[in-house]
Amino acid sequence: MRSRAWTFVLGGLLGGATTHLLDRLFRPPAFAQGHVVDFIDYGGLFVGNVADIVLTVGCAFLLLLSLRDVPLAGVPGKGLPSA
């Protein structure tokens, strides 16, 4: 990937989703029946964790990059570079 912004956004989304998946797989009560640990209270609205923040911000930036037509790789309007 040539776009640093897309690299950070997709890396953050992958990291947030992976941590939630690992919580679900390896936390009690049993394998693949665990619960995601939430420890941040957002003023009584809901409770979340750092992965929730990363996923929310990542989705917002993904939308922003898409609306601004920032290419994943290569030059805008030229498609993907040939291999």
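In what follows, every heavy atom counts, from backbone to side chain, and hydrogens, waters and symmetry copies are set aside.
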Participant: Quick one: do Leu21 and Phe26 end up in the same hydrophobic cluster if we chain Ile, Leu, Val, Met, Phe, Trp and Tyr together by side-chain heavy atoms under 4.5 Å apart?
Facilitator: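 Yes: a chain of side-chain contacts under 4.5 Å links Leu21 to Phe26.
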Participant: Quick check: is Ile53 connected to Leu64 through a chain of hydrophobic side chains (ILVMFWY, heavy atoms under 4.5 Å apart)?
Facilitator: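 In one cluster: yes.
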Participant: Hey, any chance Val57 and Leu13 share a hydrophobic cluster, counting ILVMFWY side chains that come within less than 4.5 Å of each other, even indirectly?
Facilitator: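 Yes, it is one cluster - the side chains of Val57 and Leu13 are joined through contacts under 4.5 Å.
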Participant: Using the rule that two of Ile, Leu, Val, Met, Phe, Trp, Tyr join whenever any of their side-chain heavy atoms come within less than 4.5 Å, decide whether Leu14 and Leu25 are in one cluster.
Facilitator: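 No, separate clusters.
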Participant: Leu45, Val50: one ILVMFWY side-chain cluster at the under-4.5 Å cut-off?
Facilitator: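 Linked within one cluster.
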Participant: Mind checking the CG-OG1 spacing from Leu22 to Thr18? Nearest 0.5 Å is all I need.
Facilitator: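 Rounded to the nearest 0.5 Å, the CG-OG1 separation comes out at 6.5 Å.
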Participant: Going by the ring-ring contact (aromatic ring centres under 6.0 Å, His included) test, which pairs reach into residues 32-69, not counting sequence neighbours?
Facilitator: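 The answer is Tyr42-Phe46.
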Participant: Under the side chain to side chain contact (heavy atoms under 4.5 Å, CB included) criterion, do Leu10 and Leu72 qualify, and how do the steps go?
Facilitator: CA-CA 10 Å; Leu10 295 176; Leu72 222 50; 4.2 Å; yes
Participant: Closest approach of Pro71 and Ser3, non-hydrogen atoms and distance?
Facilitator: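 That would be O-CB, 3.5 Å.
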Participant: Any idea which heavy atoms bring Gly34 and Pro29 closest together, and the distance?
Facilitator: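 Closest approach of Gly34 to Pro29, heavy atoms only: CA-CD, 4.2 Å.
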Participant: Keeping the roles fixed (side chain from Trp6, backbone from Leu65), state whether a donor-acceptor pair exists under 3.5 Å.
Facilitator: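 No.
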Participant: CG/Leu62 to CG/Leu55 distance, rounded to the nearest 0.5 angstrom?
Facilitator: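 Answer for the CG-CG pair, Leu62 versus Leu55, is 11.5 Å.
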Participant: I'd like to check the side-chain hydrogen bond (donor to acceptor under 3.5 Å, both in side chains) partners of Arg24; sequence neighbours left out, ordered by chain and number.
Facilitator: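 Scan of Arg24 (side-chain hydrogen bond (donor to acceptor under 3.5 Å, both in side chains), adjacent residues dropped) gives none.
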Participant: For the residue pair Val36 and Asp52, establish whether any side-chain heavy-atom pair is separated by less than 4.5 Å.
Facilitator: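 No, every pair of side-chain atoms sits at 4.5 Å or beyond.
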